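Take a look at the structure set out below.
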Amino acid sequence: MAETVRILFIGDIVGRPGRNAVQKWLPSLRKELYLDFVIANGENAAGGIGITEGTAKELLNAGVDCLTTGNHVWKQKEAMQLLARENRVLRPANFPPEAPGSGWVVLSVKGKSTHIAVVNIMGQVFMKPILDCPFKTLDIVLEQIHPKTSLIVVDFHAEATSEKQAFAYYADGRVTAVVGTHTHVATADERLMPKGTAFITDVGMTGAVESIIGMRVNEVLYHFTTKLPAKFEVATGKVKMCAVLIEADAETGKALSIQRIEREGEVG
Ligand code: FE2
């Protein structure tokens, strides 16, 4: 029988409440869902913006195997060092080669005779126009990955749903899954694409429920209503974790299923 791999992808973790949620729920989810590998987007893990040595360590110790990021990756100074040192923390692959770290990594799957590639790519639509074409970047990265493994999960960190869907069709049949991140709002369109790639436009966030994309309501409302600058703070209270579970054939890399997984409650 073909070996299968069960991968959990956790959506954008926002600040302390998001990290607490992962620490609280991931150990039991690992058992309940028979998880083989866990990926999480951690670009908002530190105070709601960026990632630090400490926050990355917390998440890796909680059972995350690989962390992806996005447009906020360099917001905390120590991210430069972290990315250069820790191959389990990625930055988008379409940054210029001078950027520290890597946009993809191949890691072994514990307890299985297979390897998995995790790729992080950022979109261009409604994002700062600083990065290379995500589509061409995927071609370049896959050329390097395909001899190593066919089990490939791409975090496509992008704003526009159209660009995310276009990217999924471009990647269909060439990667195991394209998982959208960045908007912090889960979409209900998870599915298998015609050539076997699992896809969701956005997996959603792991952060406070009573918030505006994870940040405290008052300051964000003040900013929108007055057009004046405001210092945003991470919201607290009840937390929701948004994730997707992808099951795949380890040998062919084809996805067999994708489903949304959610947990909600107080996390201290
Ligand atoms: Fe983002």
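The structure presented is a predicted model; accordingly, all values stated were derived computationally and were not measured. First listed ligand is number 1; within each ligand, the first listed atom is number 1.
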Exercise for review: Answer with yes or no after comparing the ring centroid distance for H223 and F232 against a 6.0 Å cut-off, counting only values under it.
Suggested key: yes
Exercise for review: Could you tell me whether R260 and D189 have a side-chain N and a carboxylate O separated by less than 4.0 Å?
Suggested key: no
Exercise for review: Please determine if E266 and K238 form a salt bridge, counting it only when a charged side-chain N lies under 4.0 Å from a carboxylate O.
Suggested key: no
Review point. Would you say T181 has an N, O or S atom lying under 2.8 Å from the Fe ion (ligand 1)?
Key: no
Exercise for review: Could you tell me which N, O or S atom of H182 is nearest to the Fe ion (ligand 1)?
Suggested key: ND1
Check your understanding: Which value, rounded to 10°, describes the NE2(H157)-the Fe ion (ligand 1)-OE2(E43) angle?
Key -> 90°
Practice item. Could you tell me the separation between the CZ atom of R30 and the OG atom of S28, rounded to the nearest 0.5 Å? Key: 11.5 Å
